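Structure first, commentary second.
For clarity, every value in this text was computed on a predicted model and none was experimentally measured. The figures here come from the full heavy-atom set of this structure, side chains too, leaving out hydrogens, waters and symmetry mates.
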Amino acid sequence: MMYDVVIIGAGQAGLAMGFYLKKTNQSFLLLDKAKEIGETWRNRYDSLTLFTPRAYSELPNLELKGPRQGYPTKDEVADYLAQFASHHSIPIQMNTTVTKVTKEEKEFKIETTVETIQAKNVVIATGPFQEAFIPSFAKNLPNHIRQVHSSQYKNPTQLKDGPVLVVGGGNSGAQIAVELAEDRRVYLSVGQKLTFIPQDIGGKSIFWWFEKLGILKASTTSKLGTFIKSRPDPIFGFELKKAIQSGKVTIKPRTTNIKEDTFCFEDKSEVKVPNIVWATGFISNYPWLQIPNVFHQNGRPQHTRGVTNIKGLYFLGLPWQYRRGSALLQGIADDAKYIVQHIEDTKQQ
Ligand SMILES: Cc1cc2nc3c(=O)[nH]c(=O)nc-3n(C[C@H](O)[C@H](O)[C@H](O)COP(=O)(O)OP(=O)(O)OC[C@H]3O[C@@H](n4cnc5c(N)ncnc54)[C@H](O)[C@@H]3O)c2cc1C
């Protein structure tokens with residue numbers, strides 16, 4: 001079967017593509033390896049509540065039901081994405097893992113666990129968080145220490161009794177540290193100074209202020225965008241700050257090594273804990289994309305606003321693809337619209 005466009009991944013990025021492609025005459029199909037839409041969100045930790053309020057967690061033309069300034073749970077978002085797909089009748093084939101993509105002359109050959117498909121354009125929307133990154137010294141961990149990456153972490157019952165070291169001070173590390181601090185000693189190892197930002201100011205969500213100040217729309221090349229990009233992401237809300245002040249969470253600098261069951265930090269201090277949660281982020285990996293000259297040496301895609309230098313090949317949903325909001329629910333639509341327009345313009349050439 002030959003399509004004008006095949007989209008790999010039916011998360012928010014793929015669905016936003018589907019929404020705009022439906023307004024064109026292009027034939028298209030979304031492929032996803034998951035059993036059901038929203039699986040990425042459903043698999044995240046049980047207590048995850050979004051840091052973006054409902055009003056800033058929506059795709060085009062479908063409301064996420066509930067108080068506009070309230071924060072949705074991860075399962076609410078999973079349900080919303082499934083509802084979005086059916087509401088807009090987006091053609092999706094689930095249970096289909098893409099195993100190899102090549103380009104032969106003008107067309108792409110997409111090999112999957114189900115069948116081989118041909119397309120004139122391919123959009124890679126497989127998510128910014130693909131493979132768990134764990135520092136290499138973790139290989140020295142003795143077996144009796146329970147270790148879990150934030151992407152596998154569900155709730156405190158996965159850990160042994162006793163204290164825990166959470167490594168990584170992003171929003172996931174912060175939320176997990178606060179949850180674990182309810183009934184155990186928590187050390188949080190961070191590579192840089194934590195900055196906290198309120199979720200609401202003057203009765204308005206911080207995202208309302210971000211919008212007013214142009215922060216969400218600041219592009220990668222703008223002065224404001226360059227400034228924001230150079231700074232670490234702030235922690236939304238003050239729960240972690242309170243837990244640090246009350247002594248429930250102890251901040252440690254960067255973890256540098258492990259000796260037996262002792263964790264060593266940059267300031268030469270050490271702790272012994274039976275549990276570790278790696279909130280150390282993710283790396284992108286596209287082993288199935290077998291087209292030369294797509295990636296920089298660091299493994300990141302070479303692109304401008306998601307358009308690669310391979311005709312017909314696009315990425316969508318990359319962090320800072322074009323703006324701060326590019327990998328967020330609310331920001332994906334603009335980037336998707338741009339790529340659909342690019343595909344339309346190229347068709348006419
Ligand atoms: C802990 C956490 C909290 C977050 N909180 C917020 C928040 O509050 N607000 C917000 O706006 N954003 C938040 N985000 C960021 C962002 O919205 C999500 O990461 C979002 O899931 C990215 O959507 P996506 O469609 O780009 O990728 P994904 O949701 O990861 O979807 C990619 C899809 O591609 C499929 N796939 C991958 N490889 C293949 C393959 N080879 N073949 C077929 N299918 C494949 C997967 O099954 C998946 O369904 C958060 C992220 C994390 C990790």
Side-chain angles (χ1 to χ4, degrees), residues 11-13 15-16 19 36-88 127-129 150-151 153-156 169-182 194-218 228 233-244 246 248-249 279 317 319 323-336:
Q12 67 207 31
L15 293 173
F19 173 80
E36 53 175 9
I37 293 171
E39 210 170 275
T40 309
W41 282 101
R42 237 176 263 289
N43 284 340
R44 289 178 176 151
Y45 50 94
D46 298 348
S47 62
L48 174 60
T49 299
L50 274 73
F51 54 77
T52 47
R54 288 187 186 83
Y56 294 91
S57 304
E58 289 170 339
L59 298 177
N61 281 16
L62 186 68
E63 192 181 309
L64 175 53
K65 294 266 170 1
R68 306 298 294 148
Q69 295 309 318
Y71 297 90
T73 64
K74 54 153 193 140
D75 288 347
E76 247 180 282
V77 176
D79 291 343
Y80 170 79
L81 294 179
Q83 196 196 344
F84 183 87
S86 66
H87 182 80
H88 294 299
F129 304 120
S150 61
S151 57
Y153 175 81
K154 301 281 178 244
N155 57 53
N171 278 283
S172 301
Q175 280 193 1
I176 293 170
V178 170
E179 172 168 69
L180 291 170
E182 275 171 26
L194 295 172
T195 47
F196 299 91
I197 194 163
Q199 287 194 284
D200 303 274
I201 299 177
K204 299 266 188 221
S205 152
I206 193 74
F207 279 84
W208 184 89
W209 292 101
F210 283 173
E211 197 171 39
K212 286 279 163 284
L213 296 169
I215 289 175
L216 291 177
K217 296 257 178 191
I228 306 167
D233 262 3
I235 307 292
F236 291 94
F238 294 123
E239 288 78 4
L240 175 62
K241 197 173 185 183
K242 285 186 206 141
I244 296 167
S246 66
K248 287 179 163 180
V249 172
R323 298 192 165 112
R324 165 65 185 94
S326 282
L328 297 180
L329 279 150
Q330 194 250 358
I332 197 71
D334 275 357
D335 290 354

| request: Work out which heavy atom in Ala333 is nearest to a heavy atom in Ala16; give both atom names and the distance. | output: CA-CB, 4.4 Å

| query | What are the two closest heavy atoms between Ala181 and Val249, and how far apart are they? | reply | CB-CG2, 3.7 Å

| Taking the six-membered ring for Trp, are Phe84 and Phe19 parallel (under 30°), tilted (30 to 60°) or perpendicular (over 60°)? | tilted

| said: Parallel, tilted or perpendicular, judged at 30° and 60°: which one describes the rings of Phe196 and Phe238? | reply: tilted

Any side-chain heavy-atom pair from [X] and [Y] closer than 4.5 angstrom?
| X | Y | value |
| --- | --- | --- |
| Ser172 | Tyr45 | yes |
| Lys154 | Asn43 | yes |
| Ile206 | Phe51 | no |

| task | Take Leu15 and Ile37 through the side-chain contact (heavy atoms from CB on, under 4.5 Å) test and state the conclusion after the steps. | result | CA-CA 10 Å; Leu15 293 173; Ile37 293 171; 4.2 Å; yes

| task | Walk me through it: do Asp334 and Lys217 pass the test side-chain contact (heavy atoms from CB on, under 4.5 Å)? | result | CA-CA 10 Å; Asp334 275 357; Lys217 296 257 178 191; 2.7 Å; yes

| message | Could you check whether any side-chain N or O of Lys74 sits under 3.5 Å from a backbone N or O of Arg44, counting only pairs where one atom can act as donor and the other as acceptor? | response | yes

| said: Taking side chain to side chain donor-acceptor pair (under 3.5 Å) as the cut-off, I'd like each qualifying pair that reaches into residues 47-58, sequence neighbours left out, listed once. | reply: Ser47-Glu179, Thr52-Ser57, Arg54-Glu76, Tyr56-Glu211, Glu58-Arg68

| request: Given side-chain contact (heavy atoms from CB on, under 4.5 Å), test Leu81 with Gln12 step by step and report yes or no. | output: CA-CA 7 Å; Leu81 294 179; Gln12 67 207 31; 4.2 Å; yes

| query | Less than 4.0 Å between a side-chain N and a carboxylate O, is that true for Asp79 and Arg42? | reply | yes

| Set of side chain to side chain donor-acceptor pair (under 3.5 Å) partners for Asn171, sequence neighbours left out | none

| query | Step by step, would you call Leu328 with Phe207 a side-chain contact (heavy atoms from CB on, under 4.5 Å)? | reply | CA-CA 12 Å; Leu328 297 180; Phe207 279 84; 4.3 Å; yes

